[in-house]
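Only one structure is covered here, and it is reproduced in the block below.
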Amino acid sequence: MNTSLSPGWVRVDCHLHTAYSGDAGTTLDELAARVTAAGLDVVCVTDHHTLGGAHAALEHDLGVRVVVGEEIRTPAGEVIGLFLDDRIPYVLPLDEVVARIKAQQGIVYAPHACDQDRAALGEEHLARLAAAGTLDVVETFNAKVADDTYNKKAAKVARRLGIAEAAGSDAHDAAGIGAAYVEMPDFDGPRDFLTGLAAGRIVGELRPHAPRYGASRARGDPAVPPVA
């Protein structure tokens, strides 16, 4: 699936999970091996309701850059914060979660944004956040959607709203990492990331949902909270 990259460009999987999520099975050693095999340069580690996996990945020396993120469930649907310093609780209203991401100079990223089978924000919330100037990125290719029309709808909405587009594998197992990514100019920090996305190219293929993992500690990983 990989294509040759222009000088100064990188491949970024913008949305993936480790065993720290509680419903995923990827260990840090498996993550390190898979990012090399997939030819990735940057991974956004976006575990559910914890920054523990991303911080551990930074210390593990994966051989690629790590963007610290968190996928947060809100009553309105799930949202990802990228370039975070502090964890955000999952019990908060959408607007407060967005405000907390922005207070950290982070990126507000809408995963699987129009997927009717999962906790998507949906077109109404996307439009409202875009009108408020608080929505930065819409994930227009998620490799785990059951129906690709959900991705196509997200792309249509993002283009109508004038919001940057991105792609993520949403991998909960090692094999899925790199199933979707963005080829984009290299970047330094959140603002530069958004600028690069505007010139980026989305690459991806759909893959079946991985089984859910409920006993991460059996694999030798630290205890993690259950996904709400």
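What you see is a predicted model, and the numbers here were worked out from it, not measured in a lab.
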Minimum heavy-atom distance T46-H17, with the two atoms named
O-CE1, 3.0 Å
Could you walk me through whether E78 and R118 pass the side chain to side chain contact (heavy atoms under 4.5 Å, CB included) test, one step at a time?
CA-CA 9 Å; E78 289 179 324; R118 289 189 281 171; 5.6 Å; no
Can you check side chain to side chain contact (heavy atoms under 4.5 Å, CB included) on R73 and H49, steps first, answer last?
CA-CA 8 Å; R73 184 178 289 267; H49 313 139; 3.7 Å; yes
Note: E30 and G25 closest approach over all heavy atoms is OE1-O, 3.4 Å
Are any non-hydrogen side-chain atoms of E70 and T50 less than 4.5 angstrom apart?
no
Distance (rounded to the nearest 0.5 Å) between D170 CG and R207 CZ
10.0 Å
Answer with yes or no whether the side chains of D29 and T27 bring together a donor and an acceptor at under 3.5 Å.
no
Can I get a per-line list of side-chain donor-acceptor pairs under 3.5 Å for residues 134-141, giving both atom names and the distance, sequence neighbours left out?
{"residue": "T134", "atom": "OG1", "partner": "L129", "partner atom": "O", "Å": "3.3"}
{"residue": "D136", "atom": "OD1", "partner": "K102", "partner atom": "NZ", "Å": "2.9"}
{"residue": "D136", "atom": "OD2", "partner": "K102", "partner atom": "NZ", "Å": "2.7"}
{"residue": "D136", "atom": "OD2", "partner": "V108", "partner atom": "N", "Å": "2.8"}
{"residue": "E139", "atom": "OE1", "partner": "H112", "partner atom": "N", "Å": "2.7"}
{"residue": "E139", "atom": "OE1", "partner": "N142", "partner atom": "ND2", "Å": "2.8"}
{"residue": "E139", "atom": "OE2", "partner": "H15", "partner atom": "ND1", "Å": "2.9"}
{"residue": "E139", "atom": "OE2", "partner": "Y109", "partner atom": "OH", "Å": "2.8"}
{"residue": "T140", "atom": "OG1", "partner": "E165", "partner atom": "OE1", "Å": "2.9"}

Taking the side chain as C-beta and beyond, is there a heavy-atom pair between R128 and D95 under 4.5 Å?
yes
Could you check whether any side-chain heavy atom of L5 comes within less than 4.5 Å of a side-chain heavy atom of D41, counting everything from C-beta outward?
yes
Of L40, V42, I202, the one forming a side chain to side chain contact (heavy atoms under 4.5 Å, CB included) with Y181 is L40
Looking at every heavy atom in both D117 and A146, which two are closest together, and how far apart are they?
OD2-CB, 4.0 Å
For C14 and V182, the nearest pair of non-hydrogen atoms, with its separation, is SG-CG2, 4.1 Å
Contacts under 3.5 angstrom, residues 52-59 side chains, donor-acceptor by atom type, not counting sequence neighbours:
none

From CG (D86) to CD1 (I101), nearest 0.5 Å:
12.0 Å
Residues which pass side-chain contact (heavy atoms from CB on, under 4.5 Å) with Q116, listed by chain and number, not counting sequence neighbours:
Y150
Using modelled atom types only, decide if a donor and an acceptor are shared between the side chain of Q104 and the backbone of L84 within a distance under 3.5 Å.
no
Before giving the answer on side chain to side chain contact (heavy atoms under 4.5 Å, CB included), spell out for R34 and V43 the whole-Å C-alpha distance, their side-chain angles and the decisive distance to 0.1 Å.
CA-CA 11 Å; R34 180 56 193 160; V43 291; over 6 Å; no
Could you pull out every donor-acceptor pair under 3.5 Å between side chains of residues 185-194 and any protein atom, sequence neighbours left out?
{"residue": "D186", "atom": "OD1", "partner": "R65", "partner atom": "NH1", "Å": "3.2"}
{"residue": "D186", "atom": "OD1", "partner": "R65", "partner atom": "NH2", "Å": "2.9"}
{"residue": "D192", "atom": "OD2", "partner": "D188", "partner atom": "N", "Å": "2.8"}

Strictly by salt bridge (Lys or Arg N to Asp or Glu O under 4.0 Å), give each pair with a member in residues 47-56 just once, sequence neighbours left out.
none
Heavy-atom pair with the smallest gap, counting every atom of S169 and D13:
OG-OD2, 2.7 Å
Atom pair CD/OG of E183 and S6 - distance to nearest 0.5 Å
8.5 Å
Separation between OG1 of T18 and CD1 of I177, rounded to the nearest 0.5 Å:
9.0 Å
Who are the side-chain contact (heavy atoms from CB on, under 4.5 Å) partners of E96, not counting sequence neighbours?
L92, P93, R100
From CG (D61) to CG (L28), nearest 0.5 Å
11.5 Å
Minimum heavy-atom distance between R201 and S4, given as atom pair plus value:
NH2-O, 4.4 Å
I80 CD1 to I107 CD1 distance, which is reported to the nearest 0.5 Å
12.5 Å
